[in-house]
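For the single chain, residues carry numbers from 1 onward in sequence order. Values below: every heavy atom of this structure, side chains too, minus hydrogens, waters and symmetry copies. Please read these numbers as outputs of a predicted model, since none were measured by experiment.
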Amino acid sequence: QAQLVESGGGLVQAGGSLRLSCAASGRTFSFYAMGWFRQAPGKEREFVATISWNGGTTYYADFVKGRFTISRDNAKKTAFLQMNSLTPEDTAVYYCAARRGSNALAGFNAYDYWGQGTQVTVSS
């Protein structure tokens, strides 16, 4: 069982940066692949980025490539999403997720545990 708590969201101007954190509880965090998803008002939840258990593999949605970076610190049981060059289209609730598997996957249904989400708002 894992519990995930996101933090780091907020209001930022276009072109700015935010760093989201996802703190996990449970002894097996280091064996879980982690992912970030987002959901904007009136839209479905969509994949943003994922990282394998050891950080060796990462995948990104096309719309964040070159702007966002996913990382993790297994010793601190924390995953991160560094977001740069933010635009108003990035406004959404961002969710951290963990899957009981070591491989990084983009599919929503591949994840077993979810955080409560953190709001990111980008003003123009």
How long is the gap from [atom1] on [X] to [atom2] on [Y], to the nearest 0.5 Å?
X	Y	atom1	atom2	answer
Ile70	Thr57	CD1	OG1	11.5 Å
Phe68	Trp36	CZ	CH2	11.0 Å
Phe47	Leu105	CZ	CG	9.0 Å

Backbone N/O of [Y] and side chain of [X]: donor-acceptor pair under 3.5 Å:
X	Y	result
Thr118	Gly9	yes
Thr91	Val122	yes
Gln13	Ser123	no
Asn74	Trp53	yes
Glu6	Cys22	no

Could you walk me through whether Thr78 and Asp73 pass side-chain hydrogen bond (donor to acceptor under 3.5 Å, both in side chains), step by step? CA-CA 5 Å; Thr78 304; Asp73 184 336; over 6 Å; no
My understanding is that only one of Gln116, Lys77, Met34 makes a side-chain contact (heavy atoms from CB on, under 4.5 Å) with Leu4; could you say which?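 It is Met34; the other options fail the test.
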Does atom [atom1] of [X] have more than 12 heavy-atom neighbours, drawn from other residues, nucleotides or ligands, at distances under 6.0 Å?
X	atom1	value
Gln119	CD	yes
Tyr113	OH	yes
Phe63	CZ	yes

Would Val120 and Phe80 show up in the same hydrophobic cluster when neighbours are defined by side-chain heavy atoms closer than 4.5 Å?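 No, Val120 does not connect to Phe80 through the hydrophobic network.
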Is it true that Arg99 and Asp112 make a salt bridge, defined as a side-chain N closer than 4.0 Å to a carboxylate O?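 Result for this pair is no, no salt bridge flagged.
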Within 45° cone of Phe29 ring axis and under 6.0 Å: Arg72 NZ or CZ: yes
Is NZ or CZ of Arg100 both nearer than 6.0 Å to the six-membered ring centre of Tyr32 and within 45° of the ring axis? no
So, Ser52 versus Asn103: side-chain donor-acceptor pair below 3.5 Å or not?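 Per modelled atom types, Ser52 and Asn103 side chains form no pair under 3.5 Å.
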